[in-house]
Amino acid sequence: MNEMKCCLDGPVELLCEYCVNPLGLQMSKPRFSWKLMHHERGRMQSAYQILVASSEENLDKDFGDIWDSGKVNSSQSVNVEYAGKPLESGKTYYWKVRWWDDKGQVSLWSRTAKFEMGLLKPEDWKAKWIGGGNLLRKELTLHGKVKRARAYVSGLGYYELRINGCRVGDRKLDPGWTDYEKIVLYAVYDVTGHLREGRNAIGLMLGNGRYNVKPYRRRSQEQLPAHKHYGEPRAILQLMIEFSDGRQELIVTDEGWKVSKGPIIDDDIYDGEVYDARLEKDGWDLPGYDDSSWDNAKVMEPPGGTMFSQATFPPIRVVKKLQPVSISNPKPNVYVVDFGQNFTGWVRLTVSGPRGTEVKLRYAELLNPDGTINTAPNRSAKATDIYILKGCGVEVYEPRFTYHGFRYVEVTGYPGVLSINDIEGRVVHTDVESIGGFSCSNQLINNIHKNVLWGQVSNLMSIPTDCPQRDERMGWMGDAQLSAEEAIYNFNMVNFYTKWLRDIKAAQSEDGSVPDIAPPYWSLYPADPVYGAACVIIPWYLYLYYGDKRVLEENYDVMKRWVDFLTSKAENYILKFSKYGDWCPPGQIISLNTPGEIVSTLCYYENTLLLSKIAYVLGKHEDAKRYAELAEKIKDAFNKRYLREDYYATSETSIYSQTANAIALYLDIVPPDKRENVIKKLLNDIVVAHDNHLNTGIVGTRYLFDALTKCGYADVAYKIAAQTTYPSWGYMIREGATTIWERWEYLAGSGMNSHNHIMFGSIDAWFYKALAGINADPLYPGFEKVVIKPHIVGDLTHVSASLRTIRGLIVSRWWRENGSLTLEVSIPVNSVGEIYVPVKGAKNPLIKEGEMIVWKNDELIQKVQGITAARREGDYVIFNVSSGKYIFRVEWR
Ligand code: BGC
């Protein structure tokens, strides 16, 4: 090869399965991704080479003894599949990559990254599941210097691992929730630094989580189904130790472990934790502790599920700490602490007082008019932590095996005066990386965005939950799929959803139906079509936004069986089956305006069409054709049955539905000759009948904004979004919301009125897609092509958004000043862009990029590097660009 040698920078931000140096991968072909940097516009990757080695030394010598991909002529820089020698359990591998640009220049090698395998085969598990109490311990003597040690551990419902008196890792509420009879997640810890030559002690604390459900919840209650109960807590651990002299030793949980009851005398995710510090066993997790009074551990039945590593799945952590904004005393001896923000987690309390003093913490979202806490929205969740003092100086307590959704905490029984320094909020949720940023000139929109962010993370508790405070906290699939796009614009969600899709897959029944909630802790089959749609829509989003084809492959069968199930329920292509429909529109729970069958059939159509596209992507052309034809039939049947002169309705009801019409418009169901009329009537309903307010539930709200934008009425969508009167997000904020409510109304009783639901959070995706204009292209998924199409609406004078995608940073910012509009865009190296520069009605717009005129007399003046083509379409001039930063300016009056 006679490539030019140069100093092209090596790839950066190397990811394996979307993770930095993952520990414990459980798959045979991990995928590699990298990002490219270049100061010049328009640089593309023309080839790459990956080396994988068994040691850093080999890799340093450019020797890929495990895999050398050779020079592969390809622009692929995302999710390149490993194709080397079989990877082995527990082994660490080192890798690096270099790239060739479009001029044939080769880069330097990247820095070294690594990945490590988990326990790949069931036989790799030598340990037994043990239990019998909530403290488990074992001492061991190590002869020689420890070179490398790994702990593979799971404990159900929850566990905490301790070695030699220290907590290992920072995972909370681990492992992630699954249906334990199908899947059990385990964590891998590097514990090399925790062990030492000589005596060592390992300790495990166990909590109930969702494994050991309170007896009263195992039975159906008035409104709620019975919770699935699995059994007594149990744990499994395997400690693999390698010594400097090459010896290996495996420590496993078995009947040789000791067990006892600890200070946590009760723990439940809903009811809270009771911790009696007087029962602490001092030094139990240190060597030399006298455990002669402890029992031998009981060997327990394995939970039944396949052991699966959480290596790529983001753990739950304490992500933030909050100081109280105020502490009040609504009654004698009652403190109410206000954190100024509704969130998920618990508090950390500092206290000193006499032994046996009982401090009670009760959590709530709302206050009563008299300033006391209102716990009615928690329903049967007691949401109470109790700490009993041991009475020896300053004691610090925070719960381990519970969590709460709250803004206020009532503290009673506190000895002395509670001050702001004695109590701290711990914000706890799945620690997904924040990748999005959005702001604009309208502070209300920024506040809505902020509330959506809080609402979203509050509902990431290893699965997407509906709410964090009351007696549900379930993986309701409708809530999750409707908010998924918003979540993806804000956070790195790919591994979170990939895991959850496995939960859905595990929950699919023989007949192809999936449940309303996954994992199915409440057994609700079959799902409402809107809820079941998660198994099609979420894989599609992961393909669209991450270019992830594997997730489509892994879930293809699930979605196909689900769509076939819907077909088996449909009559003449109409799906009457509906449970929730357009859930929770203004003033209602079940929508009176939008008949369930309309929503179900629309959803059936959308799923079928998506399935056809997915089949096409996977090269299953026959399926693609078959489902496209089926979709066509559903569409015809839908129009035949529900379309009137200018709107959709059933024959029994002629009430107007924004939802039905918006979705039909968004999905292009409306026949061309009726389209204008349908749009007109929708606008009339919004603008005239509802004074620029929506009248939609969770489904309609998800589609209304996209539909209006698609039809050319982003300005109307903006008016709805920026409302401050009921029903609107602005109204919620006016009423004090710091997250997103379940209902459009302020309700404070014990019914359906969570103040921290994410299902109406879908609006936030529209801020990114329509206001900032950042869009993906299904033909070039994973932002291989970035479409930037901002809408300059209402009183907005500037909008700024950014997205750290798998291919690099995307930026779209626009502002209006002195009669001109500026649009600044960044497209990552190795991607291309299609940039829609708004020109409003301008007849003969003049557009500059930087200082150069690039568009004049309706033509591209091709002088600027990076701009490859341009065309005028309606209110936009569209530029095709290659990577780099562009600043367009156009007259705007
Ligand atoms: C949950 C919802 C869910 C609904 C379905 C509620 O209790 O909180 O968010 O979508 O039930 O009916």
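Numbering of residues begins at 1 and proceeds along the displayed sequence. Start at 1 and go down the list; that is how both ligands and their atoms are numbered. What you see is a predicted model; the values in this text were computed from it and never measured.
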- Query: Using a threshold of 4.0 angstrom between heavy atoms of the protein and any atom of ligand 1, which residues qualify?
  - Reply: Asp466, Arg470, Glu472, Trp476, Asp479, Tyr531, Tyr580, Trp583, Glu742, Met752, His757, Met759
- Item | Ala226: partners by side-chain contact (heavy atoms from CB on, under 4.5 Å), with sequence neighbours left out | Ser220
- Identify the residue among Arg407, His755, Arg470, Gln469 that makes a side chain to side chain donor-acceptor pair (under 3.5 Å) with Glu365. Gln469
- Classify the side-chain pair Trp346/Thr402 by whether it contains a donor and acceptor separated by less than 3.5 Å. no
- Message: Does any part of the side chain of Asn459, heavy atoms only, come nearer than 4.5 Å to the side chain of Asn756, both counted from C-beta?
- Response: yes
- Message: If only side-chain N and O atoms count, and only distance matters, is there a donor-acceptor pair under 3.5 Å linking Tyr545 with Glu485?
- Response: yes
- Query: Do Glu472 and Trp476 meet the criterion of a side-chain donor-acceptor pair at a distance under 3.5 Å?
  - Reply: yes
